[in-house]
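In what follows, a single structure is set out as structure tokens and then discussed.
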Amino acid sequence: MAGRLLALSARSIKARPVPLGAAGAHSNPALDATRAMIGNREIVGYGMNGQPHYYDRSDIPLPAIRWKEATADIKCLREKEKGDWRQLSMEEKKALYRASFKLTYSEFKAPTGEWKQIVGASLMLVSVALWFYMAVRVVTRVPLPDSFSEEKQQAQLRRILDLHVNPITGLSSQWDYEKDDWKK
Amino acid sequence: MFRFPLVRVQRILRKPNVCALRFTSSQQSAESDEEFDNRYEAYFAKDGMDAWAIRKGINDIVGQDLIPEPKIIVAALKACRRVNDFAVAIRFLEAIKNKCGSRVDEIYPYIIQEIRPTLTELGINTPEELGFDKPELAVQNVYEMH
């Protein structure tokens, strides 16, 4: 509701120039708020939602306000704009565009390279996590039990073979029990 | 021995085959494509339109899920001429190029070819001729200013 009122008053702002500092200015607080926000820029359209904001959007090409305030040379260009456009030079045409718009389509759609920041930061965090993992493994290391010594492992292997563990397809099938050695 | 003179033939592009240029999804609005085109062309051709209404119309047609027919574009450019706003015309052409999406190489040259008479008549340059197809200015992202 308030937005709609602002939009309607914004349209009337375009028509009536309000003298600054006069008593009439204070009777329209919406106008004061708008002018405080956007300065002297001309309100030219409905824009996206009726609010007098500037934006560069590929889906809504024409914002509600011009980009630049009307200075003397821009006013002079506007007078020239009322004549034949074939008389305008390239620089004047580009200046007219830049007076109404901040960035062209190719500029605001240009790739920002932000993905490199994101991938780089993510990989850095992953590497920090890996460092933490390695630190934990180092710090929490305990000595192996003595059953891991060479003699004890051989004694365990002897016991496995004596028990004929996995005799068909496993370890004992590789042992030759007559010769008491591994099968050749 | 025959000598053939070198003749520069301007490539006349055929209308690209963009199937289903417009989807009518709802059952109620059974507006055909021609009615849609005529409606927008009549909107821009209306006398006494001010700059506000033209901007609204352009935002609307760019918001539709289609690329406007050349006749609508011509009507909108002539409307821009009536209200003496050159920048709006250029912005509209940039928006149309953006609407072409991935098929910009086949659709955009066709559109420019179709509206070229109007462009020369009104003195409107395409964004490429103005140098706006490549980025000129670079500004800092407002979200990254600290």
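Naming convention: chains lettered A, B, ... in sequence-line order (proteins, then strands); numbering from 1 in each chain. Every value quoted in this text rests on a predicted model; they were computed, and no experiment measured them.
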Minimum heavy-atom distance [X]-[Y], with the two atoms named:
| X | Y | value |
| --- | --- | --- |
| B:R91 | A:L103 | NH1-O, 2.8 Å |
| A:F101 | B:A87 | CE1-O, 3.4 Å |
| A:Y105 | B:E94 | N-OE2, 3.1 Å |

Nearest-0.5 Å distance, [atom1] of residue [X] to [atom2] of residue [Y]:
| X | Y | atom1 | atom2 | result |
| --- | --- | --- | --- | --- |
| A:K93 | B:L130 | NZ | CG | 7.0 Å |
| B:F86 | A:E92 | CZ | CD | 10.5 Å |
| A:I60 | B:D60 | CD1 | CG | 10.0 Å |
| B:K56 | A:L62 | NZ | CG | 11.5 Å |
| A:W85 | B:I124 | CH2 | CD1 | 5.0 Å |
| B:R81 | A:K82 | CZ | NZ | 11.0 Å |

Which atoms of A:K102 approach chain B - backbone, side chain, both or neither, heavy atom under 4.5 Å: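 A:K102 touches chain B through backbone and side-chain heavy atoms alike.
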Part of B:E121 lying under 4.5 Å from any heavy atom of chain A: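 Backbone only.
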Segment of B:D85 engaging chain A (4.5 angstrom heavy-atom cut-off):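 The answer is both parts of B:D85.
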Answer yes if [X] and [Y] sit in the same cluster of Ile, Leu, Val, Met, Phe, Trp and Tyr residues linked by side chain heavy atoms under 4.5 Å apart, and no otherwise.
| X | Y | answer |
| --- | --- | --- |
| A:W131 | A:V126 | no |
| A:M48 | A:M37 | no |
| B:V104 | B:I61 | yes |
| A:I74 | A:I43 | no |
| A:Y177 | A:V165 | yes |

Heavy-atom donor-acceptor pair, B:K134 side chain to A:S106 backbone, under 3.5 Å: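 No: the side chain of B:K134 does not pair with the backbone of A:S106.
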Pick from B:L137, B:D133, B:I90, B:V62 with the largest number of heavy-atom pairs that fall under 4.5 Å of chain A: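 Most pairs with chain A among the choices: B:L137.
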Using atom types as modelled, flag every donor-acceptor pair under 3.5 Å from a side chain in residues 110-120 of chain A to any protein atom, sequence neighbours excluded.
residue: A:T112; atom: OG1; partner: A:E114; partner atom: N; Å: 3.3

Close side-chain approach of A:K109 to B:N98, heavy-atom, < 4.5 Å: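 A side-chain contact exists here, since the closest heavy-atom pair is under 4.5 Å.
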Salt bridge A:R98-B:E136, side-chain N to carboxylate O under 4.0 Å: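 Salt bridge present between A:R98 and B:E136.
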CE/A:M134: more than 12 non-hydrogen atoms of other groups inside 6.0 Å: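 Count over threshold, so yes.
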Residues in residues 41-48 of chain B that sit under 4.5 Å from chain A, counting heavy atoms only: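 Hits under 4.5 Å: none found.
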